Amino acid sequence: MQGHFVDNRHYPASSGLSIPMIDPSDGQVFDAIARGNADDVNGAVSAARRCQQTIWSRLPAVDRGRLLMRLSNAVVAHADELAAIEQRDCGKPTRQANADVAALARYLEFYSGACDKLHGVTIPYLDGYSVLTWREPHGVTGHIIPWNYPLQIFGRSVGGALAAGNSCVLKPAEDACLSLIRVAQLAAAVGFPAGAINVVTGYGHEAGDALVRHPDIGHISFTGSAAVGTLVARSAAERHCPVTLELGGKSPQIVFADADLDIALPAIVNAIIQNAGQTCSAGSRLLVEHPVYETVLSRLAQAFVKLRAGPARLDLDLGPLIRLTQQQRVRSMLAQAQASGIEILAEGQIIDQAPPTGFYQAPVLMRDVPSDSALVQEEVFGPVLVAASFRDEDDAIELANATRFGLVAGVWTHDGSRQFRIARQVRCGQVFVNNYGAGGGVEIPFGGVKSSGYGREKGFEALYGFTTLKSVAIRHG
Ligand code: NAD
């Protein structure tokens, strides 16, 4: 049984209640976490506030940076251990678990170097005055983290907030949080002061809601579904607390007839099977220019039938989905689509050795999926790629923008002018041209428009969100 990690110590849930942890590869319970409530959140926020007021806000930026670098080094030193925890908790194939640990170390490295480079400006004003700006931390920041990439999202969210001088309380997802408890322990071991990083585990409607409503939280970073993002933003608005919302996506891959298919197609496959399709920026919609539509589909179908899903430790193309309800949701969306006449063009396999109690879903390629289908409009959060053809650039843009989401887009063409035209017109937060980095690029600002959210994390841009700007006007004559 794992407790909360607050003030650099483990605490049991004050309620005495726990939540079972289930291994998605076999559906079996292997551990339990504390079921946190508002009292536990109060304790964590008090610890973070104490730390903020007594130590963290007084620590020179260069020293915050050194601590983050020490944590980055500790993550590298414990890479195998962290990857093994993440693998069991989330059902990640070994390569994905290793990549997530490497990304966490890199986020911490990036933000360690950024701490002492967050500068204000001086502003020309009236004669006899000096005006300057300070970038100040919000104080205590709250971080609500989903189960699909706990380590990576800790790196980009908590890493950025710490670099900007905030102390943090995080509420990881109830399905997967063990790796973050371990990272918080490592932070304590490398010298982070008590209260700088606090982890309260539990359900979203209990611990998560209490964190969002807490009056001493100065900023909320929420990563999760659009539906819960709405609840979080509404609660935060009641006390005018700023929020960053990193929500879902339905990201298009737009393939023109002049694209280099040898490069595009493997990237398109990878962008939908990575993490078994449970990636906010998964390239889940394929739009192909009419002349190459059949060629693209036939080559993708050949690739899909070879894909294999199985237990995470076997490191196949895909691991399991996170939980039974997610598996049921994907199956039900596929069944409804088939009942409406949409054709499955190709399907991968679940290997025979996969335990029947695991939450597996074979990757699926569907063709001619109409724009108003739920598979096009809603996040499936599984390895399902839906394809449709387009006539010309205008048609491609219209289809690409025809969902409520706007997170990422991929554009595949060698026409340089067209690359810019499409990148300009597609409504989203990130565009990849002739490459696709689902979740990639620690340095590149990331976030959405429309129902994919607002605010930016990753890169230096995140530090502006994790601070507030104060202008100071001094009349000195
Ligand atoms: P979710 O919204 O169900 O849960 C996310 C987190 O919110 C969890 O920690 C959960 O406990 C918490 N939560 C739930 N109800 C809450 C409430 N009432 N108040 C406060 N917190 C609450 O999402 P999920 O199923 O865990 O994650 C998948 C979703 O996350 C997908 O939609 C995916 O696209 C999105 N996501 C987005 C990004 C991004 O950067 N844009 C990254 C990863 C995942």
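Remember, it's a predicted structure, so these values are computed and weren't measured experimentally. Counting starts at 1 for both ligands and their atoms, in listed order.
In this structure, CG in Asn148 is found 8.0 Å from SG in Cys90, a value given to the nearest 0.5 Å. Here the CD1-CG distance, from Ile22 to Asp89, works out to 11.0 Å after rounding to the nearest 0.5 Å.
The aromatic rings of Phe466 and His143 sit tilted, their planes meeting at an angle between 30° and 60°. Taking the six-membered ring where tryptophan is involved, the planes of Tyr107 and Tyr111 are essentially parallel, since the angle between them stays under 30° and well short of 60°.
Close approach of ligand 1 to Phe381 (heavy-atom distance below 4.0 Å) involves ligand atoms 28 (C), 31 (C), 33 (C), 34 (O). Distances below 4.0 Å separate heavy atoms of Asn148 from the following atoms of ligand 1: 43 (C), 44 (C). The distance from ligand 1 to the heavy atoms of Glu174 drops below 4.0 Å at these ligand atoms: 10 (C), 11 (O). Applying the 4.0 Å criterion to heavy atoms of Pro146 picks out, from ligand 1, the atoms 26 (O), 27 (O), 43 (C), 44 (C). In the vicinity of Ile145, heavy-atom distances shorter than 4.0 Å reach the ligand 1 atoms 6 (C), 8 (C), 9 (O). Every atom of ligand 1 is numbered from 1 in the order shown, and the set under 4.0 Å from a heavy atom of Asp209 is 19 (N), 20 (C). Close approach of ligand 1 to Ile144 is summarised as follows: ligand atoms under 4.0 Å from at least one heavy atom of the residue are 6 (C), 7 (O), 9 (O), 12 (C), 20 (C), 21 (N). Residue-ligand proximity, Pro172 to ligand 1, at heavy-atom distances under 4.0 Å covers atoms 9 (O).
Across Arg456, His219, Glu457, a single residue satisfies side chain to side chain donor-acceptor pair (under 3.5 Å) together with Thr244, and that is His219.
Around CZ of Arg49, the count of heavy atoms belonging to other residues, nucleotides or ligands within 6.0 Å does not exceed 12. Within 6.0 Å of CZ in Arg106 there are more than 12 heavy atoms belonging to other residues, nucleotides or ligands. Atom CG of Asp80 sits in a sparse spot, with 12 or fewer heavy atoms from other residues, nucleotides or ligands closer than 6.0 Å.
In this structure, atom 13 (N) of ligand 1 lies nearest to the protein heavy atom Gly204 CA, 3.3 Å. Closest protein heavy atom to atom 20 (C) of ligand 1: Gly208 C, 3.4 Å. Scanning all protein heavy atoms for the shortest distance to atom 3 (O) of ligand 1 gives Ser225 OG, 3.9 Å. Looking from atom 15 (N) of ligand 1 to the surrounding protein, the closest heavy atom is Val228 CG1, 3.4 Å. Residue, atom and distance of the protein heavy atom nearest to atom 35 (C) of ligand 1 are Gly224 O, 3.2 Å. Nearest non-hydrogen protein atom to atom 5 (C) of ligand 1 is Thr223 O, 3.7 Å.
The shortest N or O to N or O distance between Leu247 and ligand 1 is under 3.5 Å. The shortest N or O to N or O distance between Ile153 and ligand 1 is not below 3.5 Å. Checked by distance only, ligand 1 and Lys171 come closer than 3.5 Å through their nitrogen or oxygen atoms. Checked by distance only, ligand 1 and Trp147 come closer than 3.5 Å through their nitrogen or oxygen atoms. At least one N or O atom of Glu379 sits closer than 3.5 Å to an N or O atom of ligand 1.
Comparing Cys280, Gly453, Cys177 against atom 42 (C) of ligand 1, the shortest heavy-atom distance belongs to Cys280.
In this structure, Arg88 is positioned above the aromatic face of Phe30, its NZ or CZ under 6.0 Å from the six-membered ring centre and within 45° of the axis. Annotation: cation-pi pair Lys171/Phe222 absent, no NZ/CZ under 6.0 Å from the ring centroid and within 45° of its normal.
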Residues Ile217, Arg239; criterion side-chain contact (heavy atoms from CB on, under 4.5 Å); working and verdict: CA-CA 10 Å; Ile217 292 290; Arg239 56 185 189 84; 3.6 Å; yes
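In this structure, atom 1 (P) of ligand 1 has a protein heavy-atom contact shorter than 4.0 Å.
Contact annotation for Phe222 and ligand 1: only side-chain heavy atoms (C-beta onward) come within less than 4.0 Å of the ligand.
Between Arg404 and Glu379, none of the side-chain N atoms (NZ, or NE/NH1/NH2) sits under 4.0 Å from a carboxylate O, so this pair counts as no salt bridge.
In this structure, Arg156 is part of the shell of residues with a heavy atom less than 4.0 angstrom from ligand 1.
For the pair Phe359 and Gln326, the minimum side-chain heavy-atom distance is 4.5 Å or more.
Pairing each heavy atom of Asn166 with each of Trp56, the nearest pair is O-NE1, 2.8 Å.
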